[in-house]
Amino acid sequence: MSETKKALNFIEHIIEEDLEKGYSNDDLRFRFPPEPNGYLHLGHASSICLNFGLGERYDAPVNLRFDDTNPAKEEKAYVDAIKRDVEWMGFTWEKECYASDYFQELYDWAIQLIKEGKAYVDSQSSEAMAEQKGTPTEPGVAGPYRDRSVEENLDLFERMKNGEFEEGMHVLRAKIDMASPNMLMRDPILYRVLKKAHHRTNTDWCIYPMYDWTHGQSDYLEQVSHSLCTLEFLPHRELYDWCLDQLVSKTKLRPKQREFARRNLSHTVVSKRKLLKLVEEGHVFGWDDPRMPTISGLRRRGYTPEAIRNFADTVGIAKRENLVDVSLLEFHVREHLNKITPRVMAVLNPLKVVITNYPKDEMEWLVAENSPEDESLGSREVPFSREIYIEKEDFREEANRKFFRLKLGGEVRLKNGYIIKAESCTKDTEGNITEVQCTYDPKSKSGSGTEESLRKVKGTLHWVSVAHAIKAEVRIYDRLFTNENPDGHKDRDFMEFINPNSLNTITGYLEPSLKDAKVGERFQFQRLGYFNVDLDSTPENLVFNRTVTLRDTWAKIQQKN
RNA sequence: UGGCCCAUGGUGUAAUUGGCAACACAGCUGGUUUUGGUCCAGUCGUUCUAGGUUCGAGUCCUAGUGGGCCAACCA
């Protein structure tokens, strides 16, 4: 690999420094720790690429750990979806772990904490506790149960565990510092009663540990060396370290939490809560709707894992606020799809062209190269006949020199076929063009080697034979939000910016070779964009998604005028 | 009226840790092309402000400005 010179990000600098200061390469271990309460999105993809990328770079193991401490929100179905997504991204985890596997250790450590006088059972309402907690600018005050005896704490905590109390009656709190400038250190809650079945431990437990009492310990148990999370957890670091201080053994590795900025993508939202809202309110058809920035949505849309990984690598990782333009993501899909997809012809907005000097009952098969990028993809045959469809946008009665397409009296080449000349056109009563009459040059057939076939004409159009075309449903997607940063307005809700026209379903006319296209297969519809076969597709009713358009300089030229 | 984090072209990230500010995307010009795609060549544009330390500051210090995070029995 020529990657060795690649610049390091700040996390890699930290690791390099640790390596110099005495960590051995074998000490390195990472983890990707999603909560199974929703589907993974592009933000997670960054984290996945970071953690697993570090694993690859340092040849270190990476665990997949489910942070499953809140049975009220978590489900097995999400666990399965997450595993599928990480696998699809092309990464392999060392161990599949669950925070719930550590419930017993966590409980034992909590007992130890109580015995050392560092935790107590609080029996107030959450409102009362919130009041005593103070505000960021005012210190908190001690509640009435802060100095309960160790014996009473031990007894109450055990009874909490045994299910003797209803939810909300008692919680276990760490006894740290009610006046700390860090709100999280003001006696954080460690355990709460939750009488809900857990997707793995079922009803074994009715008390569940909070995030802060779980995460660092889980890292420690798995001997994760660098625990990477997003910036909003930065204030948690002090508590993460406090929790570790209570139990870390000098002979074992002590995990480090470090924080990076989450990636924000323009024209979308990346927050499970907000994505859930889009699903629940029916603005999209589900978590894997091709318009969603979820990994499953992107997969269904036709994105490749390579494209997403290259995107994540290009964007990199840092600590500042950011809003990455979707065009960078689109660049990376195009880059990959350009290399791997076979080219085909499809007309999405048909206009009939009759080639008047082509015999009525004749047809022929023309040879078409599958990819100019990859010869090994070979070629196929496409049927040509007297009546074909071209795109409506590809014909004008008259146009200036910049218009390389078909106009009356002008010539274009039909891709893989003949040069045609537009002679006349017919219109309906409203003046819409309904048909174009052309003549063709029989000697200009592509690949025939004749002088005429070598003749240069400015425009080349894609087309399909009317008699041979197969119809398919084609789903054209646009951005989900009309605003570049729907989440970034203090006075406006992100839902105000939802794009009502993010999905446009049309009928396309495809060359017949596409008849047997399988779900998931990707193609370039020449001059139009990259498309793949949607999950909803059946042999009787083909359904395609437009993954992304081709780069369109013609559209830019038109915009300027 | 608190604590913490951050600030480099339009966007995202680099800068051998104090030594000529660079890479990708986007934009613009041109060339090639049987995809107005791809590819190739070229081009535009950057260190928040004010002080300080230093031979030398994007990098260190001070102050300011701007943005973000922190008061869930969520993670």
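Order of the sequence lines fixes the chain letters, A, B, ..., with proteins taken first and strands second; residue numbering starts at 1 for each chain.
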Practice prompt. Mind running a 4.0 Å heavy-atom check of residues 122-135 of chain A against RNA chain B and sending the residues that fall below it, in number order?
Written response: A/Gln124, A/Ser126, A/Met129, A/Thr135
Worksheet entry | Strand RNA chain B as a dot-bracket string - pairs counted if Watson-Crick or G-U with both distances under 3.5 Å, | where the partner lies in another strand | .((((((..((((.....[..)))).(((((.......)))))....(((((..]....))))))))))).....
Worksheet item: Going by number, which of residues 211-221 of chain A have a non-hydrogen atom under 4.0 Å from RNA chain B?
Response: A/Tyr211
Worksheet item: For A/Tyr530, what residues pass the ring-ring contact (aromatic ring centres under 6.0 Å, His included) criterion, not counting sequence neighbours?
Response: none
Worksheet item: What residues form a side-chain hydrogen bond (donor to acceptor under 3.5 Å, both in side chains) with A/Tyr102, not counting sequence neighbours?
Response: A/Glu222
Worksheet entry | Under the side-chain hydrogen bond (donor to acceptor under 3.5 Å, both in side chains) test, residues paired with A/Ser465 that sit two or more places apart | A/Ser385, A/His468
Response to the item:
ring-ring contact (aromatic ring centres under 6.0 Å, His included) filter on A/Phe311, not counting sequence neighbours, yields none
Practice prompt. Quick one: list whatever passes side-chain hydrogen bond (donor to acceptor under 3.5 Å, both in side chains) with A/Thr304, sequence neighbours left out.
Written response: A/His336
Practice prompt. For residues A/His236 and A/Tyr240, establish whether the separation of their ring centroids is below 6.0 Å.
Written response: no
Worksheet entry | For A/Tyr418, all residues meeting side-chain hydrogen bond (donor to acceptor under 3.5 Å, both in side chains), sequence neighbours excluded | A/Glu364
Where do N or O atoms of nucleotides 38-48 of chain B meet protein N or O atoms at under 3.5 Å, pair by pair?
from  : atom 1 : to       : atom 2 : distance (Å)
B/U38 : OP2    : A/Arg551 : NH1    : 3.0
B/U38 : O2'    : A/Asn338 : ND2    : 3.3
B/U38 : O2'    : A/Glu373 : OE1    : 3.4
B/U38 : O2'    : A/Glu373 : OE2    : 2.8

Worksheet entry | Contact letters for nucleotides 3-18 of chain B, in which S counts primed atoms plus P, OP1 and OP2 and B counts the base, heavy atoms under 4.0 Å | SSSSSB--SSBSS-B-
Worksheet, complete the sentence: Taken in chain and number order and not counting sequence neighbours, the residues that satisfy side chain to side chain contact (heavy atoms under 4.5 Å, CB included) with A/Val141 are A/Gln132
